[in-house]
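In what follows, a single structure is set out as structure tokens and then discussed.
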There are 2 protein chains.
Amino acid sequence: MAYDKAFAALSDPTRRKVFELVSARPRSVARIAGELPISQPAVSHHLKVLREAGLVIAEPKGASNIYRIDPQGLAAIRTWLDRTWEAALDAFQAEFSIEKEEK
Amino acid sequence: MAYDKAFAALSDPTRRKVFELVSARPRSVARIAGELPISQPAVSHHLKVLREAGLVIAEPKGASNIYRIDPQGLAAIRTWLDRTWEAALDAFQAEFSIEKEEK
DNA sequence: GTTTATCATAAACCATGGCTTATGATAAGG
DNA sequence: CCTTATCATAAGCCATGGTTTATGATAAAC
């Protein structure tokens, strides 16, 4: 399941901040590191986790790496969300039906 | 931000499984523990995290506690998701506009 | 009131994970 | 080439977190 890694990747606040920056505009690693109070290796590591979760894509541009959002990751999360939501809805309906029958 | 705790709560696979069980049908703690290969205290702890994240609600029923889904938590995640998605969309459009101007 | 059942909390243990400083790899520029 | 810039990886450190066993608290049952 793809949403497994995606959820884990977004669990850390700093990593989620990195993802939000990349979502708002494609950026280089150095650029991201400059906007956050963490070192460059830390940013690289966060991006690696996001990359393996299918949330971002790296585009080599000269010596630097431009990171941009990968729509598939967010789509996976949305899928899980919708499925869980629907299950909850069915549960509510089933519960209501039973109460009705018990009258 | 409410989605902060919600994301962290769903980052663990086992805890996410607990949440899925509760979503599919309200259950007691013992019931959940019986369906998972972990101890009862572990389940209680997971439920506590989910509860503090606004993802589930506890309903005392006699000596047992019935847990059910709390729609607010999922709604919070969806809000973050939509917002991030929209930001990414704006970024794509902006990028495209710039390329057009550069012609 | 004394069990019995159900759940929460505490303590302890171990694994995971995020961060830093160093180091290596690759690509552009003089 | 040699330097410089940019990024990834490695090693090590410390904090967080998930799990278990043990224990306490509360509510029903007899």
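From a predicted model like this one, the values you see are computed outputs, not experimental measurements. Here is the naming used below: chain letters follow the sequence lines, and residue numbers restart at 1 for every chain.
Nucleotide D:dA28 holds its C1' atom 14 Å from the CD1 atom of B:I66, rounded to whole Å. As rounded to whole Å, 12 Å separates atom C1' of D:dG24 from atom CD of B:Q40. Taking atom CG on B:D12 and atom C1' on D:dG17, their separation rounds to 9 Å, with Å as the unit. Straight-line distance from the CD1 atom of B:I32 to the C1' atom of C:dT6: 13 Å, rounded to whole Å. Remark: C1' of D:dC7 and CZ of A:R51 are 10 Å apart, rounded to the nearest angstrom. One atom, NE2 of A:H45, and another, C1' of D:dA10, lie 11 Å apart when rounded to the nearest Å. One atom, CG of A:L47, and another, P of C:dC19, lie 12 Å apart when rounded to the nearest Å. With rounding to whole Å, A:H46 atom NE2 is found 3 Å from C:dC19 atom P.
For the OP1/OP2 pair of D:dA8 and a distance below 4.0 Å, the side-chain nitrogens and oxygens of A:S44 include at least one atom meeting the criterion. Between B:T14 and the phosphate of D:dT19, there is a side-chain N or O to OP1/OP2 separation shorter than 4.0 Å. Contact between the side-chain N/O atoms of B:Y67 and the OP1/OP2 oxygens of C:dT6 is not found at any separation under 4.0 Å. The shortest distance between the side-chain N/O atoms of B:N65 and the OP1/OP2 oxygens of C:dT6 is not below 4.0 Å.
Nearest nucleotide to the A:I38 side chain, out of D:dA8, D:dT6, C:dT20: C:dT20. You'll find that the side chain of B:A63 is closest to D:dA27, out of D:dA27, D:dT6, D:dA8. Comparing C:dA8, C:dT20, D:dA5 by their closest approach to the side chain of A:A42 singles out C:dT20. Nearest to the side-chain atoms of B:R15 among the listed nucleotides D:dG17, C:dC19, C:dC7 stands D:dG17.
Residue-level contact check: B:S39 touches the bases, meaning some heavy atom is under 4.0 Å from a base atom. Residue A:A30 is classed as a sugar-phosphate contact, given heavy-atom separations below 4.0 Å to backbone atoms only. Heavy atoms of A:P41 sit under 4.0 angstrom from at least one base atom.
In this structure, B:S44 contributes its side chain and B:P41 its backbone to no donor-acceptor pair below 3.5 Å. In this structure a side-chain-to-backbone donor-acceptor pair under 3.5 Å is missing from B:D70 to B:G73.
Nucleotides of DNA chain C nearest to A:P37 and A:G62 differ in position, and the one nearer the 5' end is that of A:P37.
For the residue pair B:Y67/B:R31, the side-chain donor-acceptor check at 3.5 Å is not satisfied.
Between B:E59 and the choices B:R27, B:R68, B:R51, the salt bridge (Lys or Arg N to Asp or Glu O under 4.0 Å) rule is met once, by B:R68. Of the candidates B:I66, B:N65, B:V43, B:I66 is the only one forming a side-chain contact (heavy atoms from CB on, under 4.5 Å) with B:S28.
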